[in-house]
Engineer: 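Take this structure first; my questions come after.
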Protein chains: 4
Amino acid sequence: MSGVNKVILVGHLGKDPEVRHLDGGVTVASFPLATSETYSKDGKRVEQTEWHNIVMWRGLAEIASKYLQKGKLVYIEGKLRTRSFEDKEKVKKYVTEIVAENFTLLGRKTDFEPTQPVIIAQNTETKIDDDFSIGAKDERGDLPF
Amino acid sequence: MSGVNKVILVGHLGKDPEVRHLDGGVTVASFPLATSETYSKDGKRVEQTEWHNIVMWRGLAEIASKYLQKGKLVYIEGKLRTRSFEDKEKVKKYVTEIVAENFTLLGRKTDFEPTQPVIIAQNTETKIDDDFSIGAKDERGDLPF
Amino acid sequence: MSGVNKVILVGHLGKDPEVRHLDGGVTVASFPLATSETYSKDGKRVEQTEWHNIVMWRGLAEIASKYLQKGKLVYIEGKLRTRSFEDKEKVKKYVTEIVAENFTLLGRKTDFEPTQPVIIAQNTETKIDDDFSIGAKDERGDLPF
Amino acid sequence: MSGVNKVILVGHLGKDPEVRHLDGGVTVASFPLATSETYSKDGKRVEQTEWHNIVMWRGLAEIASKYLQKGKLVYIEGKLRTRSFEDKEKVKKYVTEIVAENFTLLGRKTDFEPTQPVIIAQNTETKIDDDFSIGAKDERGDLPF
DNA sequence: TTTT
DNA sequence: TTTT
């Protein structure tokens with residue numbers, strides 16, 4: 001049995017990515033991302049912000065650590081994953097995260113940065129084929145959870 | 001400030017929708033949805049299932065209560081929302097839900113049911129206009145949380 | 001029978017929207033949108049730009065005519081539609097368009113404009129309800145093609 | 001400059017995939033896909049069908065040729081690409097296609113086929129790197145089915 | 001040219 | 001708790 005589990009977000013980083021190196025050299029980056037929507041209620045303009053826990057693995061995490069910072073606007077594509085963990089009091093808790101599969105930097109901070117959005121990364125490794133293709137390798141399975 | 005917060009899922013209902021009628025006549029339906037993916041690890045076929053908390057409001061909830069049942073395959077489009085609540089021990093907890101904006105029934109259970117997918121609903125109130133249009137009403141703001 | 005027909009684009013307008021008013025007061029706006037991707041080929045950085053024909057109807061077209069201009073970066077969600085027409089030599093031709101359902105302005109042009117993306121519109125007619133809701137009216141059926 | 005160019009479709013194949021082998025051993029499969037939507041106009045139920053030109057490359061094409069047939073229901077994710085060609089009369093024409101990046105078989109035709117959707121393929125090939133990254137190589141081929 |  |  002199979003299905004589809006896809007998330008598409010455009011929002012701003014609430015903090016710089018937090019980068020960790022696991023045993024075996026695996027890199028993980030994580031950060032909060034805010035997506036807001038505005039609507040009218042009782043004639044007033046209301047803004048509602050939603051916070052998402054973003055997680056990036058390996059090559060994607062490495063690139064994120066270089067290019068993503070607090071406040072930046074990004075397009076992120078990924079999938080939902082809910083995992084459980086024990087807090088300090090040994091209470092079992094659940095957290096839902098978006099495991100990013102690729103992202104694109106959008107917007108600019110100053111006139112000295114590019115006006116255009118720049119695709120920063122996909123969870124892939126580029127490999128030149130004789131003719132045209134760009135290689136991509138899926139990664140899973142050996143994730144430490 | 002605004003952004004994009006979109007979720008696309010295809011999966012099976014883990015239970016029949018649970019329907020509640022709030023004060024003011026608002027209907028809410030909720031159910032768990034499973035999306036699975038299979039991949040190879042160490043030469044073995046592994047299946048990983050992810051469970052999602054789906055919530056539907058008003059007209060969409062009404063239609064869901066009629067057409068969706070445990071085991072059915074659906075396409076769901078919606079947005080992520082994390083809300084907090086207090087459990088029985090007054091401990092603050094968080095849960096992430098997918099607030100559905102529209103869905104489409106896919107697949108069939110027997111030959112007596114339609115073979116093809118049938119779009120069941122969008123988060124709208126149907127309203128026939130003099131000419132052609134189908135009304136849709138957004139709903140937010142007065143949600144009980 | 002039903003299905004899913006969804007397009008998600010982030011790109012720049014190639015021209016200002018061209019706005020037309022049809023008989024019956026219906027407004028239509030259209031413009032080309034460029035989405036680019038870069039990849040490596042033979043060790044060189046190659047950029048490939050794809051051009052999309054965007055069409056917006058009614059309220060969405062009105063808002064587009066106010067807020068969208070050549071060069072702006074937008075997120076657009078819509079559906080594919082291929083239609084035929086006769087060119088000047090009476091030759092039947094086909095064109096595929098993206099009929100937008102909503103869009104969000106991204107990026108900024110100067111420091112005096114908002115840093116954050118601003119959701120400009122959804123294909124709706126705004127209507128204030130006594131309580132909270134924002135009306136949305138689907139539009140189809142009477143389109144002149 | 002970069003952007004986002006994403007298409008998500010659920011529909012039925014109008015024909016069996018047409019498979020070609022290009023010079024260099026590259027496989028290409030293509031087929032028409034129908035997505036339909038139904039709506040009410042003047043109190044009548046109207047169905048509007050949209051036809052999409054789907055193209056699959058390499059490993060994805062190989063798998064498509066085995067698993068996809070006329071009438072089957074599939075979920076397809078890909079990107080838009082418009083290309084020009086000359087018809088028999090040397091007239092330049094344009095066609096817009098969806099270059100598929102992955103697909104999932106949905107539904108069933110008879111009770112002897114699986115009731116549930118089966119993910120058939122993604123455009124990747126697994127390859128272990130010395131350091132950390134899991135490469136992603138376009139298009140599959142070595143998948144165990 | 002699919003499908004209900 | 002779904003499904004193959």
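First the proteins, then the strands, lettered A, B, ... as listed; each starts at 1. Heavy-atom basis, side chains included; hydrogens, waters and symmetry copies ignored.
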Engineer: Quickly work out the B/Glu37 CD to F/dT3 P distance and round it to whole Å.
Structural biologist: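 Atom-to-atom, B/Glu37 to F/dT3, this comes out as 19 Å.
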Engineer: Picking from F/dT2, F/dT1, E/dT2, which would you name as closest to the side chain of D/Trp51?
Structural biologist: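 Ranking F/dT2, F/dT1, E/dT2 by closest atom to the D/Trp51 side chain puts E/dT2 first.
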Engineer: Any idea which of F/dT2, E/dT2, F/dT1 is nearest the B/Pro32 side chain?
Structural biologist: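 Among F/dT2, E/dT2, F/dT1, the one nearest the side chain of B/Pro32 is F/dT1.
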Engineer: Hey, does D/Val4 have a side-chain heavy atom less than 4.5 Å from the side chain of C/Thr35?
Structural biologist: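 Side-chain contact under 4.5 Å: no.
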Engineer: Quick check on side-chain contact (heavy atoms from CB on, under 4.5 Å): which of D/Val19, D/Asp16, D/Val55, D/Leu68 does D/Phe31 satisfy it with?
Structural biologist: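 One option only clears the test, and that one is D/Leu68.
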Engineer: Tell me: NE2 of B/His12 to P of F/dT1, nearest whole Å?
Structural biologist: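 It works out to 17 Å between those atoms.
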Engineer: Under the rule for side-chain hydrogen bond (donor to acceptor under 3.5 Å, both in side chains), what residues qualify as partners of D/Ser30, not counting sequence neighbours?
Structural biologist: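 D/Ser30 satisfies side-chain hydrogen bond (donor to acceptor under 3.5 Å, both in side chains) with no residue once adjacent residues are dropped.
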Engineer: Would you mind reading off the distance between B/Glu47 atom CD and F/dT2 atom P, rounded to a whole angstrom?
Structural biologist: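 These atoms are roughly 12 Å apart.
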Engineer: Return the value, rounded to whole Å, for the distance between atom CG of D/Leu106 and atom C1' of E/dT4.
Structural biologist: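 Rounded to whole Å, this separation is 16 Å.
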Engineer: Could you check how far CD1 of D/Ile98 sits from P of E/dT2, rounded to whole Å?
Structural biologist: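 In whole Å, E/dT2 P lies 18 Å from D/Ile98 CD1.
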Engineer: Within this structure, what is the NZ-to-P distance between B/Lys72 and F/dT3, rounded to whole angstrom?
Structural biologist: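 Those two atoms, NZ and P, are 12 Å apart.
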Engineer: Taking CG from D/Leu13 and P from E/dT4, how many angstroms apart are they, rounded to a whole number?
Structural biologist: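 D/Leu13 atom CG is separated from E/dT4 atom P by 14 Å.
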Engineer: Going by side-chain hydrogen bond (donor to acceptor under 3.5 Å, both in side chains), name the residues that satisfy it together with D/Arg20, two or more places apart in sequence or in a different chain.
Structural biologist: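 Result, side-chain hydrogen bond (donor to acceptor under 3.5 Å, both in side chains) vs D/Arg20: none returned.
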Engineer: Can you tell me how far P of E/dT1 sits from OH of C/Tyr94, to the nearest Å?
Structural biologist: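 Spelled out: OH on C/Tyr94 to P on E/dT1 is 13 Å.
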